[in-house]
Visitor: 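The structure that follows is given in the form of structure tokens.
Proteins come first, then strands; the chains are lettered A, B, ... in the order of their sequence lines, and each starts at number 1.
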There are 2 protein chains.
Amino acid sequence: MDQTDKRLLSLLQDDCKRTTKAYAQDLGLSTTAVYERIKRLEREGLIRKYVALVDKQVAGMDFTVLCQVRLSRHIKEYVLQFEREVQQLEEVSECFHVSGDYDYILKIHVANMVAYRDFMVNKLTALNNIGSTQSSFVISEVKASTAISLG
Amino acid sequence: MDQTDKRLLSLLQDDCKRTTKAYAQDLGLSTTAVYERIKRLEREGLIRKYVALVDKQVAGMDFTVLCQVRLSRHIKEYVLQFEREVQQLEEVSECFHVSGDYDYILKIHVANMVAYRDFMVNKLTALNNIGSTQSSFVISEVKASTAISLG
DNA sequence: TGTTTTTATAGAATAATATTCTATATAATA
DNA sequence: TATTATATAGAATATTATTCTATAAAAACA
């Protein structure tokens with residue numbers, strides 16, 4: 001991966017629907033050169049997928065919560081069960097197993113507080129093995145990017 | 001927004017690089033019908049952008065940290081300064097202003113622990129007005145989606 | 001209820017773009 | 001030095017997006 005690849009990945013992480021020609025002009029290359037680079041980046045797995053990003057506010061799903069979760073038991077079987085079940089919850093877009101006081105941090109998107117309460121009562125805390133939770137409500141998104149800086 | 005729009009958005013959030021014809025077949029519509037729907041969803045702002053997602057592990061940037069930050073002073077001027085500066089930090093992909101014990105939660109992507117220490121010492125805590133921080137290191141990504149469920 | 005208007009759709013025609021092909025030049029390797 | 005692999009450019013082709021025309025269904029209206 002050279003500097004041109006990094007610049008190209010940066011462009012693609014910002015907008016993947018431009019024409020090859022447009023990227024080529026930005027990079028000072030021919031369309032074929034850019035085309036081959038993109039195909040290589042896809043082949044090597046650097047580019048994982050191409051997705052559309054939905055505007056949460058316009059979609060009316062802009063109530064975001066970061067919820068820390070502690071399990072009551074850390075037996076392998078129960079841990080795996082929790083991880084399997086949390087993946088199935090459509091309100092949960094992200095779930096990280098983390099170090100520290102709590103075991104997991106979840107990112108949750110719902111319509112409003114009523115929906116969040118419903119989610120917590122009927123879905124999350126209804127799961128087996130949940131010890132305790134602590135919710136941090138998102139007041140504003142200061143930065144929200146899906147791009148990874150490659151230096 | 002009807003059920004077809006929701007199904008279409010779900011498909012686009014999973015893969016935005018298929019042909020209109022492919023979505024049309026999944027939805028049981030003509031390519032024109034799907035084309036017009038996509039253009040409308042873009043026009044209405046439901047689709048915010050199209051991006052490539054980079055594989056952090058393949059890119060060698062798979063050391064992820066969720067860092068809680070408390071400011072020392074909550075004077076408007078300082079708060080806005082922090083928010084402006086944190087947006088400029090390339091290692092920070094997300095920053096949420098949240099309720100609770102801490103003021104902000106940041107998602108940080110770096111190569112490894114050494115790089116993280118460097119980031120903390122020379123960039124984050126070098127910012128004016130940082131009170132205290134608490135880092136949660138990501139052990140594993142149980143779920144990592146950019147899609148919003150529209151019910 | 002009948003009429004008009006709007007909206008969503010399909011299929012065909014066209015325009016734009018992606019993809020492949022051929023040829024060169026450059027860099028890496030033996 | 002000769003040889004192989006790799007990256008590139010430009011042209012040719014294939015695929016896909018986009019536009020156009022026409023219909024049908026749904027909504028608004030008298």
Side-chain angles (χ1 to χ4, degrees), chain A residues 1-61 90 111 145-151, chain B residues 1-61 90 111 145-151:
Chain A
M1 232 211 334
D2 60 12
Q3 279 307 115
T4 304
D5 283 334
K6 287 183 182 177
R7 287 177 61 203
L8 177 53
L9 279 173
S10 172
L11 293 172
L12 292 169
Q13 285 187 105
D14 182 59
D15 183 354
C16 69
K17 277 291 182 96
R18 297 169 69 204
T19 63
T20 315
K21 191 175 173 182
Y23 300 120
Q25 282 168 349
D26 280 8
L27 298 171
L29 286 173
S30 69
T31 62
T32 307
V34 171
Y35 179 80
E36 293 299 341
R37 278 177 183 267
I38 292 175
K39 287 300 150 187
R40 176 171 48 76
L41 293 170
E42 290 171 355
R43 197 170 350 104
E44 290 172 350
L46 254 137
I47 296 173
R48 193 161 58 81
K49 62 189 326 199
Y50 297 98
V51 300
L53 298 182
V54 166
D55 189 311
K56 293 189 288 294
Q57 199 158 359
V58 176
M61 293 292 286
E90 60 177 18
S145 169
T146 55
I148 304 296
S149 172
L150 303 169
Chain B
M1 233 214 328
D2 61 13
Q3 279 307 118
T4 304
D5 283 334
K6 288 183 182 178
R7 287 177 62 203
L8 177 54
L9 280 173
S10 173
L11 293 172
L12 291 169
Q13 285 187 103
D14 182 58
D15 183 355
C16 69
K17 277 290 182 98
R18 299 168 69 204
T19 62
T20 315
K21 191 176 174 183
Y23 301 120
Q25 281 168 351
D26 281 7
L27 298 171
L29 286 173
S30 69
T31 63
T32 306
V34 171
Y35 180 80
E36 293 298 342
R37 278 177 183 267
I38 292 175
K39 288 300 149 187
R40 175 169 51 74
L41 291 170
E42 290 171 356
R43 197 170 350 105
E44 290 172 349
L46 254 137
I47 296 174
R48 193 161 59 81
K49 62 188 326 200
Y50 297 99
V51 300
L53 298 182
V54 165
D55 189 310
K56 292 189 288 293
Q57 199 158 0
V58 176
M61 293 291 287
E90 61 177 16
S145 169
T146 55
I148 305 295
S149 172
L150 303 169

Visitor: Under 6.0 Å from the CD atom of E44(A), do we count more than 12 heavy atoms belonging to anything else shown?
Guide: yes
Visitor: Tell me whether the side-chain N/O atoms of R40(A) come closer than 4.0 Å to OP1 or OP2 in dT6(D).
Guide: no
Visitor: For K17(A) and C16(B), indicate whether the former's side chain and the latter's backbone hold a donor-acceptor pair under 3.5 Å.
Guide: yes
Visitor: Starting from P on dT8(D), measure out to CG on L8(A) and report it in whole angstrom.
Guide: 11 Å
Visitor: Within the sub-3.5 Å range, which N or O atoms of nucleotides 16-19 of chain C have a protein N or O partner, and how far apart are they?
Guide:
unit_1  : atom_1 : unit_2 : atom_2 : d
dA18(C) : OP1    : T20(A) : N      : 3.4
dA18(C) : OP2    : T20(A) : N      : 3.1
dA18(C) : OP2    : T20(A) : OG1    : 3.2
dT19(C) : OP2    : Y35(A) : OH     : 3.4
dT19(C) : O5'    : Y35(A) : OH     : 2.8

Visitor: About how many Å separate CZ of R37(A) and CG of L12(A), when rounded to the nearest 0.5 Å?
Guide: 12.0 Å
Visitor: For the pair Y50(A) and E42(A), evaluate side-chain contact (heavy atoms from CB on, under 4.5 Å) and give the outcome as yes or no after the intermediate values.
Guide: CA-CA 10 Å; Y50(A) 297 98; E42(A) 290 171 355; 2.6 Å; yes
Visitor: Of the non-hydrogen atoms in S145(A) and A147(A), which two are nearest, and what is the gap between them?
Guide: OG-N, 2.9 Å
Visitor: Rounded to the Å, how far apart are Q25(B) CD and dT16(D) C1'?
Guide: 13 Å
Visitor: So, R7(A) side chain and D26(A) main chain: donor-acceptor pair closer than 3.5 Å or not?
Guide: yes
Visitor: Starting at atom CD of E42(B), determine the distance to atom C1' of dT18(D), rounded to an integer number of angstrom.
Guide: 13 Å
Visitor: So that I can tick it off, tell me whether D15(A) and K49(B) are bridged by a salt bridge, with the cut-off set at under 4.0 angstrom between side-chain N and carboxylate O.
Guide: no
Visitor: Could you state the CG-P distance from L29(B) to dA24(D), rounded to the nearest angstrom?
Guide: 18 Å
Visitor: Any sub-3.5 Å donor-acceptor pair from Q13(B)'s side-chain atoms to I148(B)'s backbone N or O?
Guide: yes
Visitor: Please state how far atom CG in L41(A) lies from atom P in dT6(D), giving the value in whole angstrom units.
Guide: 16 Å
Visitor: Quickly work out the Q3(B) CD to dA8(C) P distance and round it to whole Å.
Guide: 16 Å
Visitor: Whole Å only: how far is the CD atom of E36(B) from the C1' atom of dA10(C)?
Guide: 12 Å
Visitor: Does V34(B) offer a backbone N or O that forms a donor-acceptor pair with the side chain of K39(B) under 3.5 Å?
Guide: no
Visitor: Provide, to the nearest angstrom, the distance between the CG atom belonging to L12(B) and the P atom belonging to dA17(D).
Guide: 12 Å
Visitor: Taking only the side-chain heavy atoms of A33(B) (C-beta and beyond), determine which of dA7(D), dA9(D), dA10(C) contains the nearest atom.
Guide: dA10(C)
Visitor: Note the angle between the end axes of the helix from dT1(C)-dA30(D) to dA30(C)-dT1(D), five pairs defining each, rounded to 10 degrees.
Guide: 40°
